Amino acid sequence: MLGVRYLEKAVFGLDYGQLKLVFHALEERKQVIENAPHLCHALPCMTPCFDWFEVVYYWMGLKMYDLVAGRRLLHFSRYYSAQESVELFPTLARKGKGRSLRGTVVYYDGQMNDSRLNVGLACTAALAGAAVLNHAEVVSFLKDEGTQRIIGARIRDNLSGQEFDAYAKVVVNAAGPFCDSVRKMANKDALPMICPSSGVHIVLPDYYSPDGMGLIVPKTKDGRVVFMLPWLGRTIAGTTDSSTSITPLPEPNENEIQFILDAICDYLNIKVRRTDVLSAWSGIRPLAVDPNAKNTESISRGHVVSEEYPGLVTITGGKWTTYRSMAEDAVNAAIKSGKLSPSNECITSNLRLIGGDGWEPSLFTVLAQQYVRMKKSDGGKVVPGVMDTAAAKHLSHAYGTLAERVATIAQNENLGKRLAHGYPYLEAEVAYCARNEYCESAVDFIARRSRLAFLDTDAASHALPRIIEILATEHNWDKSRKKEEMQKAKEFLETFKSSKNAHFHDGKHQ
């Protein structure tokens, strides 16, 4: 719920810092939608009001949001009557806790496909001349013996096990929740900068919310925000905000999942069942504490850039929406630290990400009209299939103008079959990602090139044998590597608490 919560704090708490955060996030939101139009879009979000005070309060608040957003506004917010609201959102409850729905207030926010945006950034950087390396781990820093300034890092390639040294004038630590452990490599006495917060999300079938309309409850009974949004053909609901420990594979617990289910249950006219949860996961928000600040109230959703150790610039905190300006601030700090002289100013505010340049929303029709999906049947016979609207739309939004390359592989290499029943992901995508997007493992594909693991743990599990088969062909894996990939992927999926792999026994979840 970008900006609205912060705007409320800014206005009613007279907090100028929060207001600055709102302005900044709105600016960056508009920018990312323009720079990656295939991956980001505006989404209307509905807030139900059960008394007239709520209607007036939220309507006025969102009109203030419209005013503050100015030219950065996606669309104007508006009020819908109870009847109009139910027509737009059929599963919305008209009565709840003895109260009747008085109407809803709808405002527009931005939504993105984060895994595809992430890989799009890496590929765009590579096109611009960056050397991109994944599955690499910093083992230690290299220091100048005289000045003790950091001049590079010892890096381990986790795929081959080999280690090598990389030298640089400045090293930037952008390790998210893990940035403190990187800082401790430089100085074992470094004070923590991260206050980790757990955010749990669950995915439900698409019938929970209509396509093209989200539901947001700004204040649940315990004061938290809960949302339910259409996402990649399913419904995503969240979120929790509780302190957590930092671990590479965080897992949601049943209480958090149940909290979200209970919270949305109050606003829907359908039964909300634990057995409907297709996937549930926990992420770690790296809330930043400025190590130089005097008090703990400096914990912020904004980002912090610091250079406590010569040659090591750390950037942490912030949020996905503001990733671009965070990078700009980090690079500016690195330029200052290394006394570098760049040939130009930052150009990323108007730099289209790979696949975004020249992309049109109608691109999927070209794919549907011009390509077929050749696929091997179970008997090994090659049969043609239609490049249906769902598959064409998916390819267009996931790969932008490069979608035709994926469609060509599906057509020419008999890789047109779907990977999982009910999902538009094609076999051709695995081959394409292995060749063009640094996809080196099965987990890379199900979690970081597509969002299949996050959408439906069971579907991802069923797709694994075929994904591993295609990756084995692309990367020349032997039998033992294929077995290892299957083992790692299964362990990874165990951390997603769908109804299939959750451990609950108390009857009420059935």
Side-chain angles (χ1 to χ4, degrees), residues 1-2 4-5 45 47 91 96-97 111 114-115 176-178 194-206 208-209 214-232 234-268 270-287 299 301 317 319-320 446-447 451-461 491-510:
M1 189 161 183
L2 182 131
V4 174
R5 269 182 305 169
C45 298
T47 296
T91 50
K97 295 180 181 167
Q111 189 178 52
D114 53 351
S115 68
F178 306 98
I194 291 293
C195 179
S197 160
S198 157
V200 172
H201 295 76
I202 63 173
V203 171
L204 298 160
D206 56 353
Y208 271 83
S209 65
L215 183 76
I216 286 190
V217 181
K219 266 203 177 85
T220 56
K221 51 190 173 234
D222 68 351
R224 288 192 270 193
V225 175
V226 166
F227 59 77
M228 201 174 77
L229 312 169
W231 186 61
L232 301 176
R234 296 293 176 265
T235 298
I236 186 171
T239 179
T240 59
D241 192 353
S242 45
S243 56
T244 185
S245 55
I246 295 171
T247 162
L249 283 177
E251 296 186 25
N253 66 46
E254 275 303 315
N255 291 343
E256 292 172 314
I257 294 169
Q258 199 54 45
F259 162 77
I260 296 169
L261 291 171
D262 289 345
I264 61 175
C265 179
D266 293 343
Y267 297 90
L268 299 181
I270 55 171
K271 203 172 173 188
V272 177
R273 305 177 303 181
R274 176 63 177 90
T275 47
D276 286 338
V277 176
L278 302 171
S279 184
W281 73 93
S282 174
I284 301 173
R285 296 184 193 93
L287 302 184
I299 295 173
R301 290 294 170 109
K319 47 201 286 185
W320 241 124
I446 60 173
R451 267 289 184 242
L452 191 52
F454 291 81
L455 283 169
D456 190 328
T457 312
D458 208 38
S461 189
E491 282 169 17
F492 176 75
L493 288 175
E494 275 298 309
T495 67
F496 290 74
K497 302 301 176 195
S498 70
S499 55
K500 296 278 197 306
N501 67 2
H503 306 288
F504 46 82
H505 314 282
D506 61 352
K508 75 171 182 174
H509 293 309
Q510 302 308 316

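Computed over heavy atoms, backbone and side chain alike; hydrogens, waters and symmetry mates excluded. Computed from a prediction, not measured in an experiment: that's the story for all the values here.
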Would a 4.5 Å heavy-atom cut-off, applied to side chains only, mark [X] and [Y] as touching?
| X | Y | answer |
| --- | --- | --- |
| I246 | I194 | yes |
| V226 | I216 | no |
| I264 | V272 | yes |
| I446 | L493 | yes |
| I202 | L261 | yes |
| E254 | R274 | yes |
| W281 | V200 | no |

Check [X] against [Y] and note the closest heavy-atom contact, atom names and distance.
| X | Y | result |
| --- | --- | --- |
| F454 | V203 | O-CG2, 3.2 Å |
| A447 | S115 | O-CB, 3.9 Å |
| W231 | D114 | CZ2-OD1, 4.3 Å |
| S209 | M228 | CB-CE, 4.1 Å |
| I257 | A280 | CD1-CB, 3.8 Å |
| L278 | P205 | CD1-N, 4.0 Å |

> Going from CG on L204 to CZ on R273, what distance comes out if it is rounded to the nearest 0.5 angstrom?
Replying inline: 10.5 Å
> For the atom pair CZ (R285) and OG (S242), what is the distance rounded to the nearest 0.5 Å?
Replying inline: 8.5 Å
> Can you find a side-chain donor-acceptor pair between S282 and E256 that sits under 3.5 Å?
Replying inline: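 There is no such pair between these side chains.
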>> Any donor-acceptor pair under 3.5 Å linking the side-chain atoms of S279 with those of D456?
In response: no
Kindly say whether [Y] contributes a backbone atom to a donor-acceptor pair with the side chain of [X] at under 3.5 angstrom?
| X | Y | value |
| --- | --- | --- |
| T235 | L229 | no |
| R234 | P230 | no |
| T91 | Y208 | yes |

> Thinking salt bridges, do K271 and D276 make one under a 4.0 Å N-O criterion?
Replying inline: no
> Are K497 and E251 within salt-bridge range, i.e. N to O under 4.0 Å?
Replying inline: yes
> Mind checking what makes side-chain contact (heavy atoms from CB on, under 4.5 Å) contact with E491, not counting sequence neighbours?
Replying inline: Q487
> Listed by chain and number, what are the side-chain contact (heavy atoms from CB on, under 4.5 Å) partners of T244, not counting sequence neighbours?
Replying inline: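 For T244, the residues satisfying side-chain contact (heavy atoms from CB on, under 4.5 Å) (neighbours in sequence not counted) are P196, S198, I284.
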>> Please enumerate all residues that pass ring pair (Phe, Tyr, Trp, His ring centres under 6.0 Å) together with F492, with sequence neighbours excluded.
In response: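 Result, ring pair (Phe, Tyr, Trp, His ring centres under 6.0 Å) vs F492: F496.
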